[in-house]
Amino acid sequence: MNSEYNALEIESQAQQYWKENKSFEVVEDSSKEKYYCLSMFPYPSGRLHMGHVRNYSIGDVISRFQKMQGKNVMQPIGWDAFGLPAENAALKNKVAPAKWTYENIDYMRDQLSQLGFGYDWSREIATCNPKYYKWEQWLFVKLFKKGLVYKKNAVVNWDPVDQTVLANEQVIDGRGWRSDALIEKKEISQWFMRITDYADELLESLDSLDGWPDAVKTMQKNWIGKSVGLEISFNRINNEPLKVYTTRPDTLMGVTYLAVASEHPLAIEAGSNNTEVQAFIDDCKTMETSEAAMETMEKKGVNSGLTCVHPITGQEVQIWIANFVLMGYGTGAVMSVPAHDQRDYEFAQKYTIPMLEVIRPINAEHDITQNAFTNKGILCNSGEFDGLNFDEAFEAIAQKLNTSNLGEKQTNYRLRDWGISRQRYWGCPIPIINCESCGSVGVPETDLPVTLPEDVSFDGIGSPIKKMPEFYQTTCPTCGGEAQRETDTFDTFFESSWYFARYACADNTEAMLDERADYWLEVDQYIGGIEHAILHLLYARFFSKLLRDEGLINHDEPFKNLLTQGMVLKDGAKMSKSKGNTVDPADMIQKYGADTVRLFILFAAPPTQDLEWSDSGLEGSYRFVNKVYRLVEGYLADAKTNDALSLDGVTLNKEQKQIRQKTHQSLSKITDDIDRRHSFNTAIAALMELTNTLGRFKQTDGQSMAIRLESIEIILRTLSPITPHLCHYLWQQLGHQEAIIDTLWPSVDKKALQQDEVQIIVQVNGKLRAKLMLNANTDKSIVEAQALADENVCKFTKDKTIVKVIVVPNKLVNIVIK
RNA sequence: GCCGAUGUGGUGGAAUUGGUAGACGCGCCGGAUUCAAAAUCCGGUUCCUUCGGGAGUGACGGUUCGAUUCCGUCCAUCGGCACCA
């Protein structure tokens, strides 16, 4: 054993050992319980940052821990390799997105290896590889034939200068990030998946996800946004009625205007003979499309001059055109009740539209001249409905409208169908051929994959494949006539929606998935950033149900347990390449070694908490790693001249007993912290305490040597998921033939835990006044008497009346005085 | 704006089921060791104090014998908001 801890040497040797012995390569094995541990795969942005290190360290600790529980553990890794940053890099560095991506993957694969993560590299996936995306094209064609995919018009951000579609992220204050041009909304035809067909199941099965954080389930539930309301028709003379959906039909009698989106046919009609209206509609064209922008921008509108008829009163209602109504959501029109909706209230005040109070609070006052009353209450000014509460009014109005065919109950979802078309180059080609006579035709299975040309020059003016006849010119599979390929690509969430299943059978060239997927699924533990709480996780759940309905897997849900890691922030914001605030672990690994870096990121905070990055304290982790090294070194030096006897556990002196007690208490805590609580920081703290305690215990008699060895071996095995290289090395130094990764987790000796005495806290009126050491399970009345007799306690109880005494066994006494 | 989180010493954080607030680190202060330094080891470190004690977990209220923990209102910060991944 070297007298100096040499991290880099120890680490490369351990990594070499794992590689040669295929320590992490697994196959299906019916004799063992399987455990599938998955961390969200990275986008190959160039270099790892501390967010990755955190994510993958957590996954590795759980994987190694489960392996030491004797389970058949699969921990795969791959690359979410399609996406926008490759195109941005292509523009900046004049390098093809494919080349840039593959180089990044090579670099980052090295970094992951250096960190010693126990991946089964034989299952590695890169989503930009045709062998991977072939199968999502195959699935897409099946879903297309099944009617789960359709085409419709949808709005995109159009940069008129760069002649390209921009992502929301690339639109800054309404302008293109490169061109600075005012961005226009543009409607183009795009592919959608009918995720709303599964809205109910996606909502219902959330209840079965016991291993998911409640916060994530709540966010998904709210995102799906199931509501029951009324679809109400407002008739228009000699025209189609205008339909609106509302969850507050009780406020119907308070409607003073309707609002439609600027793209609504009525708006276009109104604009065609009114320049003021047309000017407003034109103004709406340069408007950000994101919901956040919609909600926070100034609410504006214009009176269309058109009117409709209130379905109950028969009165004329104005139709306004408003910038906050979305054409793509619902009917593109809403009913407005200024007295009972704050947005309508402000809009009505701004444009002096009348307001009608029709709901009053039940047992309170509300001044409607101050703001809208948006709670439910009792109806007033509503004619025959006066005095009804929300539920009664809902039913009565629904019934009334139903008889006149002007309204019916409807269940609505906030969730919209998933738009999967992207007008980008670096993505998976949508496998559709457009034929003038046959329409859209799915690419036949034998012609898959539709391969994305990789050797292209990328200039940022639209996608290269839209300018490559050799790519898009083809023949129709149905009629054989001339036809054109779809040149849009999939949303990159498509790839990440099924990769977890593909890992189980990544080598299958004949099928998307096989029976091995059923062996490994569902994922026992999924780990990833909280920022994916809604979109990625919802799409992956959706895909699971699609795959199930195609008979490809037999699970309803992909992820049994979910650990949402908090963000690693730098300068108060999420680390990302586009913000330029990433921290590369490379230098730290070089200086301290991977074990120290892993230990530090896990020790810095509990995994679910956000973490503002700072490397102060990294030294402390390095110190601890060295301390463990010296602990073993010290033991081995003593062992040269002193033999460890077999531990008898009976004849031990007090100090020896205490060491064993501390050891097994720590083991118990560490096990629970890692397994149940995922509280790695406190597990490490317990390991530090135990190491410190043991470092002070230097006895060399036979029993003491045995106790030291037992304790050291517990430290090494419980620390090994966290700092695996160091523990691998030290385990060898202790003379073991079997590698530590192949050993089992130690078990707690309950006899060592036994405590003779317990500390009792004595409070007077909730304030700490004394601590007593008493035999465990001392009778309640004796504990109480002892507490009352305590000298310091008496100082506070003297001349006071004792109202009551609360005794919590083996823990606490609280004396309440007056 | 809406939805979901978070808020504790100089600092990262701990307190698991409502029961000792500040575990374990970092930093700082003092000591040992050293020719000296690094490294290491030992001790101290919430604030105020008349040294009895008092106050204190973003703010203000509430429930309780007892609240960092439960409830209400507010403030600040972070994540998501459908084309960043």
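All values below were derived from every heavy atom in this structure, side-chain atoms included, with hydrogens, water molecules and symmetry-related copies excluded. Residue numbers start from 1 in every chain, and the chains themselves are labelled A, B, ... in the order their sequence lines are given, proteins ahead of strands.
Between B:rG19 and A:K811, no contact under 4.0 Å exists linking OP1 or OP2 to a side-chain N or O. At B:rA5, none of the side-chain N or O atoms of A:Q609 fall inside 4.0 Å of OP1 or OP2 (strictly under the cut-off). Regarding contacts with the backbone of B:rG66, every side-chain N or O of A:N765 stays at 4.0 angstrom or more from both OP1 and OP2. Between B:rA38 and A:R623, no contact under 4.0 Å exists linking OP1 or OP2 to a side-chain N or O. Of the side-chain N and O atoms in A:N626, none sit less than 4.0 angstrom from OP1 or OP2 of B:rU40.
Among the protein residues, A:L812 comes within range of the nucleic acid bases, having at least one heavy atom under 4.0 Å from a base atom.
A:K627 has no carboxylate O lying under 4.0 Å from a charged side-chain N of A:E633, or vice versa, which leaves the two without a salt bridge. Ion pair A:K152/A:D417 not flagged as a salt bridge, since none of the NZ, NE, NH1 or NH2 atoms sits closer than 4.0 Å to an Asp/Glu carboxylate oxygen.
Base pairing annotation: B:rA23 forms no Watson-Crick or G-U wobble pair, as no partner gives both donor-acceptor distances under 3.5 Å. Across all strands shown, B:rC2 pairs with B:rG80; the Watson-Crick or G-U wobble distances both stay below 3.5 Å. Figure legend. B:rG43 is base-paired to B:rC29; pairs are counted as Watson-Crick or G-U wobble with both atom distances under 3.5 Å. In this structure, B:rC70 and B:rG62 make a Watson-Crick or G-U wobble pair, each of the two defining distances being under 3.5 angstrom. In this structure, B:rA14 forms no base pair with any nucleotide, since neither Watson-Crick nor G-U wobble geometry is met with both distances under 3.5 Å.
Of the candidate nucleotides B:rA82, B:rA23, B:rA85, B:rA82 has the atom lying nearest to any side-chain atom of A:R414.
A:F543 and A:M193 get closest at one heavy-atom pair: CE1-SD, 4.4 Å.
Below 30°, between 30° and 60°, or above 60°: for A:F542 and A:Y198 the angle between ring planes is above 60°, a perpendicular geometry.
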